[in-house]
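Labels below follow one simple rule: chain letters A, B, ... track the order of the sequence lines, proteins then strands, and each chain is numbered from 1. The structure displayed is predicted, hence computed values, not measured ones.
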Number of protein chains: 2
Amino acid sequence: MPANNPAIDLDQVRRQCARCDLRELCLPAGLDSADVDRVDQMVADRTSLASGDTLYHAGSPFRALYVIKSGSLKTQAVSEGGELQILGFHLPGEIMGFDALAGERHQCSAEALEASSVCRLPYAELERISASVPGLQRQFMRLVSREMGDDHDHMAMMGRNQAISRLALFLHSMSKRQARLGRSADQLTLTMSRADLANYLGLVLETVSRLFGRLQEMGVIEVRRREVKILDREGLKSIGEC
Amino acid sequence: MPANNPAIDLDQVRRQCARCDLRELCLPAGLDSADVDRVDQMVADRTSLASGDTLYHAGSPFRALYVIKSGSLKTQAVSEGGELQILGFHLPGEIMGFDALAGERHQCSAEALEASSVCRLPYAELERISASVPGLQRQFMRLVSREMGDDHDHMAMMGRNQAISRLALFLHSMSKRQARLGRSADQLTLTMSRADLANYLGLVLETVSRLFGRLQEMGVIEVRRREVKILDREGLKSIGEC
DNA sequence: TGGGCTATTTGACCCGAATCAAAGCGGGTC
DNA sequence: GACCCGCTTTGATTCGGGTCAAATAGCCCA
């Protein structure tokens, strides 16, 4: 964790937001440079996670929100009966931990799907600063709302009773999110397992595997394990709508 | 709409929050009486809706949030392909309209399931006041977070591949929400149609109808159209977990 | 390079939920 | 009361996706 290394120049740790590629998706969006610096100073540290590491556990005390700087994570909740549900896959620029704002504890767990890094934002600080920076308050709400919109998309996906529609919608939305990050919209590298994806979509993994095959036969994608190439974006979209 | 009637005493319209049964669930929760009054004054009006009336449409400009004072509403989104997904059923004390905070327009539509009334909170006012009332800011975030938690429950419900689990979980959570409002937890009056409920659960209406029958045969509930009596709460819960 | 492990694919079979169809029930109006 | 119309229930049938089982492909590490 570079931020904890005393040999590192503090100025190098700070002033990172201004140079971060994600600033237009993240909290600093729309702020002037003085306010961006205030956000920057609020970032407690920038932490690295290995694949499989847990960022926070359901039930652990809530202290901070996290912005993903690189990599990807999944959030999941376990019901009283022990059933696990994956709630979302999260990409750079997204904030995690909102669901804990209600109480003092996290409601779900967050786990890295690959080597990832996050910026930690102590919530007490964020509350204090956003009271005096109206633009920050607004951008914060915008991110909360974006998160809700993503959840609604997830529900709409699970509501489809054709399994192939769910997968097509997933790939389509993944592609859009990749594009938002400035990456190729047609070449996806999925970081989650078939089992994770199946759980997310409300299916079993064998079905997901078969559906990848079907979509490939139909000529809309090309799959090799976790590498997916989108060949026919419109076709994919229309399968999602059927 | 009583609030628009000049013959009504303004003081009667205001100072309602302090006397409202829902104040502990709503924005005023945890505020001192001076701050409750400020919230009260922010309420633009208290509007009545008939069953089927629309509170806001997807795409319409976002100006205000709404707290449900009585009755119930559903929110629904229509995808580009024209598929409709019901996102939630909303009871008194809940705030609606959060999903619009991201942009300038509502992302989904809200429709009354029965005669209902809501308090309208102009968002500009809310933003202004919450900057100076930290407790309000915190309670607001708590409500946002509760909404997200509800969405996560919804996903966990749709993730079950046993249809009867979904219905059982729905009834169980409905019962808890009724209890939170101080109503009987065992006697539910569903305000949504079988079609709405089926869509919400990701099933078809015939299946929902049959499952009500099955749960009744199993002795865990008693159903007569939209009246549901819970006979065996634990049994219902365990069916939800299976 | 080889061994062992996990992730993924593929196959055969079956069941539960979707679909299509029709009847029953209630609430409303004339 | 008689009729109509929408909501709900019930029935018969079909089919998609779940389940169980096995093979294959990668990947990590010795």
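Put simply, B/Ser209 has a side-chain N or O that comes within less than 4.0 Å of OP1 or OP2 on D/dT9. Dashed line: the shortest gap from a side-chain N or O of A/Arg226 to OP1 or OP2 of C/dT8 is under 4.0 Å. Between C/dG26 and B/Arg224, a contact under 4.0 Å exists linking OP1 or OP2 to a side-chain N or O. B/Ser193 has no side-chain polar atom (N or O) that falls below the 4.0 Å cut-off from OP1 or OP2 of D/dC7.
For the pair A/Leu201 CG and D/dG18 C1', the computed distance is 15 Å after rounding to whole Å. Between the CD atom of A/Glu227 and the P atom of C/dT9 there is a distance of 12 Å, rounded to whole Å. Nucleotide C/dT10 holds its P atom 13 Å from the CG atom of A/Leu205, rounded to whole Å. Taking atom CG on B/Leu203 and atom C1' on D/dG16, their separation rounds to 15 Å, with Å as the unit. Taking atom CG of residue B/Leu197 and atom P of nucleotide D/dC7, one finds them 14 Å apart after rounding to whole Å. One interatomic measurement links the two molecules: CE of B/Met192 to P of D/dC7, which rounds to 15 Å at whole-angstrom precision. Straight-line distance from the CG atom of B/Asn161 to the C1' atom of C/dG16: 10 Å, rounded to whole Å. B/Arg194 places its CZ atom 14 Å from the C1' atom of C/dG24, with the value rounded to the nearest Å.
Distances were taken from every side-chain heavy atom of B/Arg225 (C-beta onward) to each of D/dT8, D/dG18, D/dG17; the shortest belongs to D/dT8.
B/Phe212 carries B/Arg194 over the face of its six-membered ring, with the cationic atom under 6.0 Å from the centre and within 45° of the normal.
Contact detail for B/Gly219 and B/Asp232: the closest heavy-atom pair is O-CB, 4.2 Å.
In this model, a side-chain donor or acceptor of A/Arg210 finds a partner on the base of C/dG11 within 3.5 Å.
Ring planes of B/Tyr200 and B/Phe170: perpendicular class, angle over 60° (limits at 30 and 60°).
Residue contacts shown for B/Arg166 are absent, as no nucleic acid heavy atom lies under 4.0 Å away.
With rounding to the nearest 0.5 angstrom, the CE atom of A/Met148 is 5.0 Å from the CE atom of B/Met148. Annotation: the span from B/Cys17 atom SG to B/Arg23 atom CZ amounts to 10.0 Å, rounded to 0.5 Å.
Nearer to the 5' terminus of DNA chain D, by closest-nucleotide assignment, is the contact made by A/Ile164 (compared with the other of A/Glu206 and A/Ile164).
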